[in-house]
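Throughout, a chain's letter reflects where its sequence line sits, starting with A, and its residues are numbered from 1. Bear in mind the structure is a predicted one, so any value in this text is a computation, not a measurement.
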Protein chains: 2
Amino acid sequence: MNEERLSAVFAALADPTRRGIVARLATGDATVGELAAPYDVSVQAISKHVKVLEEAGLVSRSRDAQRRPCHLEADVLDLMTGWIERYRRQAEERFQRLDTLLAELQQGQDDTREGAAS
Amino acid sequence: MNEERLSAVFAALADPTRRGIVARLATGDATVGELAAPYDVSVQAISKHVKVLEEAGLVSRSRDAQRRPCHLEADVLDLMTGWIERYRRQAEERFQRLDTLLAELQQGQDDTREGAAS
DNA sequence: ATCTTTCTCAACCTCTTGGTTGAATAAGGT
DNA sequence: ACCTTATTCAACCAAGAGGTTGAGAAAGAT
């Protein structure tokens, strides 16, 4: 279901240039040319990166004369944190249970030792 | 910096099979063989996937006879949520500011209209 | 009408990725 | 010693990613 979307978003953010673009867009909308300025690659390359972000749903675009301002769709980021947090929490809980289990076993061993002493 | 690490982690989770492996490991440690069982690919392929997760720091492994149990390192997930949340929050705040700015402009326009009426 | 700016499309190249199979290694079990 | 189990290494392959350059389209500016 969301699996495909999730793959697209993770893949989009796996590239440092694209993360840079996202970071830039978090401070405000920008055109492709503006986004390209800090990087040592062609505008076409940045245009491709933006397209990837757009297809992942992380970026939307409007029109202003020749320009195509890019806008960060921050909601999509929640999709990721949702996925990540789910498993982080699950692992955490399991860890807690394991921890208390070990504590209980430890307690039981103490009891046994007390019993043996009587 | 952390940039390389971040790229590795995002890239690792961009693959649905690897996300499945992470999801499985969140419920408890498992061997490569066990991880491979649900999938319709060779054990070697899963072994490669685990290696990718390992190099991203998401998985660690110990030894138990021939087996190499895999363990989810949930801490690394925080690295991602940290990055994501940072920019989500930043975008959110900017949105808030823009929103109040628009409200103020609206208010100013109302004032002007009142002034013109007098 | 023509020129300029901004951006995308198309073709191409190289390196990486995810998969395969077959052989090798590691560690027990009999 | 020999066989079995669990995992990895090596070589290979097809497809995709990220880059390039060159040409084309879209929309103003003169």
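- What separates CZ of B:R67 from C1' of C:dA27 is a distance of 9 Å, to the nearest Å.
- Separating the CZ atom of A:R18 from the P atom of D:dA17 is a distance of 9 Å, rounded to the nearest angstrom.
- Between B:T31 and D:dA6 there is no side-chain N or O to OP1 or OP2 distance below 4.0 Å.
- Remark on the helix from C:dA1-D:dT30 to C:dT30-D:dA1: inter-end axis angle 10°, axes from five-pair C1' superpositions, rounded to 10°.
- The separation between A:D64 atom CG and D:dG28 atom C1' is 11 Å, rounded to whole Å.
- Under the 3.5 Å distance criterion, the side-chain polar atoms of B:S47 are left unmatched by any main-chain donor or acceptor of B:V43.
- Closest to the side chain of A:V32, from the set D:dG19, C:dG19, C:dC7, is C:dC7.
- In terms of phosphate contacts, B:S42 brings a side-chain nitrogen or oxygen within less than 4.0 Å of OP1 or OP2 of C:dT20.
- To the nearest angstrom, P of C:dG18 lies 11 Å from CD1 of B:I21.
- Note: CD (B:Q66) to P (D:dA6) measures 7 Å, nearest angstrom.
- Between B:T17 and the phosphate of C:dG18, there is no side-chain N or O to OP1/OP2 separation shorter than 4.0 Å.
- Screening B:E54, B:Q44, B:R18 for a side chain to side chain donor-acceptor pair (under 3.5 Å) with B:H49, the sole residue that qualifies is B:R18.
- Not one side-chain nitrogen or oxygen of B:R68 sits closer than 4.0 Å to the OP1 or OP2 atom of C:dA26.
- Checked against C:dG18, C:dA27, D:dG19, the side chain of B:R63 finds its nearest nucleotide in C:dA27.
- For the pair B:E92 and B:R88, the salt-bridge criterion is met [side-chain N within less than 4.0 Å of a carboxylate O].
- Taking atom CD1 of B:I46 as the reference point, atom P of D:dC9 lies 16 Å away to the nearest angstrom.
- An OP1 or OP2 oxygen of D:dT7 is reached within less than 4.0 angstrom by no side-chain nitrogen or oxygen of B:S47.
- For D:dG19, one of the phosphate oxygens OP1 or OP2 lies less than 4.0 angstrom from a side-chain nitrogen or oxygen of A:H49.
- Aromatic ring pairs are classed by plane angle as parallel below 30°, tilted from 30° to 60° and perpendicular above 60°; the pair A:F10 and A:W83 is perpendicular.
- Atom P of nucleotide D:dG19 and atom CG of A:D15 are separated by 6 Å, given to the nearest angstrom.
- In this model, no donor atom of one side chain and acceptor atom of the other lie less than 3.5 Å apart for B:R97 and B:T100.
- Checking side-chain atoms of A:R68 against main-chain N and O of A:T31 turns up no donor-acceptor pair under 3.5 Å.
- Rounding to whole angstrom units, CG of residue A:L53 and C1' of D:dG18 are separated by 14 Å.
- Judged as a side chain to side chain contact (heavy atoms under 4.5 Å, CB included), and not counting sequence neighbours, the contacts of A:D64 are A:R67, A:P69.
- A donor-acceptor contact under 3.5 angstrom links the side-chain atoms of B:Q44 to the base of C:dG22.
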